[in-house]
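Chain letters run A, B, ... following the sequence lines, proteins first and then strands; every chain starts at 1.
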Amino acid sequence: MNFVEELRWRGMIHDMMPGTEEQLSKEHTAAYVGIDPTADSLHIGHLVSIMMLKHFQIAGHKPIALIGGATGMIGDPSGKSEERNLLDEPTLRHNQECIKVQLQKFLDFNLESNSAEIVNNYDWMKEFSFLSFLRDVGKHLTVNYMMAKDSVKKRLDGGNGLSFTEFTYQLVQGYDFLHLNQAKNCKLQMGGSDQWGNITTGTELIRRKTGGEAFALTCPLITKADGGKFGKTESGNIWLDPEKTSPYQFYQFWLNCSDVDAEKYIKIFTLLDKETVEKLVAEQAEAAHLRPLQKALAKDITIRVHGENEYNQSLEASEILFGKGTTETLHKLNEATLLSVFEGVPQFEVSIAEVEAGISMPDFLAEKTTIFSSKGEARRMLKENGVAINKEKVGEDATINKSNLLNNKYILVQKGKKNYYLVIVK
RNA sequence: GGGGAGGUACCAGAGCGGUCAAAUGGGGCAGACUGUAAAUCUGUUGGCGCAGCCUUCGGAGGUUCGAAUCCUCCUCUCCCCA
């Protein structure tokens, strides 16, 4: 199965320039995707294009990850995007290094023929003078062409205006492609479907300026069945960095996907082959409550990103918290297990003296700890039967005292079904 | 530079002198149902010592018994014309 066929059955192709498939079967090709270096970690939103690179490399081609140090400073008008902050160079470099480490979990940087590579467009844009840019790049494309782009048209019609900077964005990104085309013989750019306009500006620029050939391939934007934004939770992005999103939370994110989404995601975010996926889908249809799809998806991607150990711990933690876990089993857990289960769960400290004296529920939840942001909110939730201590629902009038301690120093608080907090009593 | 419109809770958006802690929708959170799903239904969504009080409607003053609502100045945003 070639690269394009592979992506096709996985539902990862939204649009493709004619001739792309031929180019790839003709010779080994280099392709790139752009990544915004706005943080020192990737989040799962980045994963789609990284998986495209991964498949690309598996197919024997050369993947390039372009860190958008320069473009990130400008702000892509495609979709609504807020004004970006200028990153200073040390931050940029730091982010680039961190991202590289994470990319190594997906791409192979030590191959003889088609090693992955990382480049940063800041490196070639920073010395580029405005005049040279106008002469060497701006001259080759007409404003008419640029205005015909959907992303530009939308903003022009929207009544909100479009700054010159944003308008120019496509030229800068287009120049990246031209640069890589000349420097590294890169002939393909991939990205999300929202990037189509920007990518084609690049291919157009290459054609007009050098007469060379270049291609574009985009994947559909990842959506959720309920229309929500993919990869976001109440607490923000799902990061690959375990400091930002614990392996347990990471694992839970995938495990919690709806059935519809899981089937889509497993094709995109894992390398499981068609046969395996089809088997899992069949199993899901038969015994949906066992959620074979979600489990396989969560397992595969958690191991890839965090490793086998972390996966096993997350699995164990999930079983204790959601499975047969009761107050008794919690009391029976030894300290080491307890701590490893709750690694990555928000923690609070309360003094032993206060616990011995007894603390009222609203005080405990909103004052001694910040599990709730106000006592009113805590009370509300208590009334709604939404708070449990050590897996046992409690009411508004309950108090915290010594009998609630697990291993003499821990209290497990549960807000709703899925949010856990560990209070350490000292 | 001239003219116009407008800044209300997480967002969108009503309210235009008292009955406004502020309609409605979306989003969030929780409960029921379930499979840690989806859909649905219900509750809730400023703070507190919670039948009461305190702080909110861009900012600062003012009018009034009483202001999100009226007046003055400031400020920010957007649109149109030059």
Quiz prompt | Axial cation check for Phe372(A) ring with Lys415(A), 6.0 Å and 45° limits | solution = yes

Quiz item: Checking Lys100(A) against Phe109(A): charged group under 6.0 Å from the ring centre and within 45 degrees of the axis?
Solution: yes

Exercise. Would you mind classifying the nucleic acid contact of Gly416(A) as base, sugar-phosphate or nothing, using non-hydrogen atoms under 4.0 angstrom?
Key: sugar-phosphate

Starting from [atom2] on [N], measure out to [atom1] on [X] and report it in whole angstrom.
X         : N       : atom1 : atom2 : result
Lys383(A) : rA30(B) : NZ    : C1'   : 13 Å
Glu396(A) : rG43(B) : CD    : P     : 19 Å
Lys264(A) : rA38(B) : NZ    : C1'   : 13 Å
Phe372(A) : rC48(B) : CZ    : P     : 12 Å
Arg380(A) : rU44(B) : CZ    : P     : 10 Å
Met381(A) : rC50(B) : CE    : C1'   : 19 Å
Lys415(A) : rG28(B) : NZ    : P     : 15 Å

Quiz item: rG31(B) phosphate, OP1 or OP2: any side-chain N/O from Lys393(A) under 4.0 angstrom?
Solution: yes

Quiz item: Does Arg379(A) have a side-chain nitrogen or oxygen under 4.0 Å from the phosphate oxygens OP1 or OP2 of rU45(B)?
Solution: no

Go ahead and name the base partner of [N]; Watson-Crick or wobble counts if both distances stay under 3.5 Å, otherwise write none.
N       : value
rU64(B) : none
rU55(B) : none
rU77(B) : rA5(B)
rA82(B) : none
rA23(B) : none
rU44(B) : rG28(B)

Quiz item: In terms of heavy-atom contacts, does NZ of Lys393(A) have more than 12 from other residues, nucleotides or ligands at under 6.0 Å?
Solution: yes

In a table with atom names and distances, give each donor-acceptor pair under 3.5 Å that connects a side chain of residues 296-307 of chain A to protein atoms at least two apart or in another chain.
residue: Thr302(A); atom: OG1; partner: Ala298(A); partner atom: O; Å: 2.5

Quiz item: Is the Tyr32(A) to Phe177(A) ring centre distance short of 6.0 Å?
Solution: yes

Quiz item: When the ring centroid of Phe250(A) is compared with that of Trp239(A), is the distance short of 6.0 Å?
Solution: no

Provide the distance between the two [atom1] atoms, one in [N] and one in [M], to the nearest whole Å.
N       : M       : atom1 : result
rG25(B) : rU77(B) : C1'   : 24 Å
rC20(B) : rG66(B) : C1'   : 13 Å
rA21(B) : rA38(B) : C1'   : 36 Å
rG17(B) : rC71(B) : P     : 11 Å
rG59(B) : rC11(B) : P     : 14 Å
rC54(B) : rG58(B) : C1'   : 22 Å

Quiz item: Going by atom types alone, do Lys426(A) and Ser351(A) pair a side-chain donor with an acceptor below 3.5 Å?
Solution: no

Quiz item: Taking atom types as modelled and ignoring hydrogens, do the side chains of Thr71(A) and Gln173(A) form a donor-acceptor contact shorter than 3.5 angstrom?
Solution: no

Quiz prompt | Asn419(A) side chain, from C-beta outward: closest of rA30(B), rG47(B), rG31(B) | solution = rA30(B)

Self-check item: Test ring-ring contact (aromatic ring centres under 6.0 Å, His included) applied to His61(A) - qualifying residues, sequence neighbours left out
Solution: His28(A), Phe56(A)

What N/O pairs connect the protein and nucleotides 35-37 of chain B at under 3.5 Å? Give each pair on its own line.
residue: rG35(B); atom: O6; partner: Asp259(A); partner atom: OD2; Å: 3.1
residue: rG35(B); atom: N1; partner: Asp259(A); partner atom: OD1; Å: 2.9
residue: rG35(B); atom: N1; partner: Asp259(A); partner atom: OD2; Å: 2.8
residue: rG35(B); atom: N2; partner: Asp259(A); partner atom: OD1; Å: 2.7
residue: rG35(B); atom: N2; partner: Gln294(A); partner atom: NE2; Å: 3.2
residue: rU36(B); atom: O2'; partner: Asn256(A); partner atom: OD1; Å: 2.4
residue: rU36(B); atom: O2; partner: Gln252(A); partner atom: OE1; Å: 2.8
residue: rU36(B); atom: O2; partner: Asn256(A); partner atom: OD1; Å: 3.4
residue: rU36(B); atom: O2; partner: Asn256(A); partner atom: ND2; Å: 3.3
residue: rU36(B); atom: N3; partner: Gln252(A); partner atom: OE1; Å: 3.0
residue: rU36(B); atom: N3; partner: Gln252(A); partner atom: NE2; Å: 3.1
residue: rU36(B); atom: O4; partner: Gln252(A); partner atom: NE2; Å: 3.3
residue: rA37(B); atom: OP1; partner: Lys418(A); partner atom: NZ; Å: 3.0

Quiz item: Between Val387(A) and Ala366(A), who's closer to the 5' end of RNA chain B by nearest nucleotide?
Solution: Val387(A)

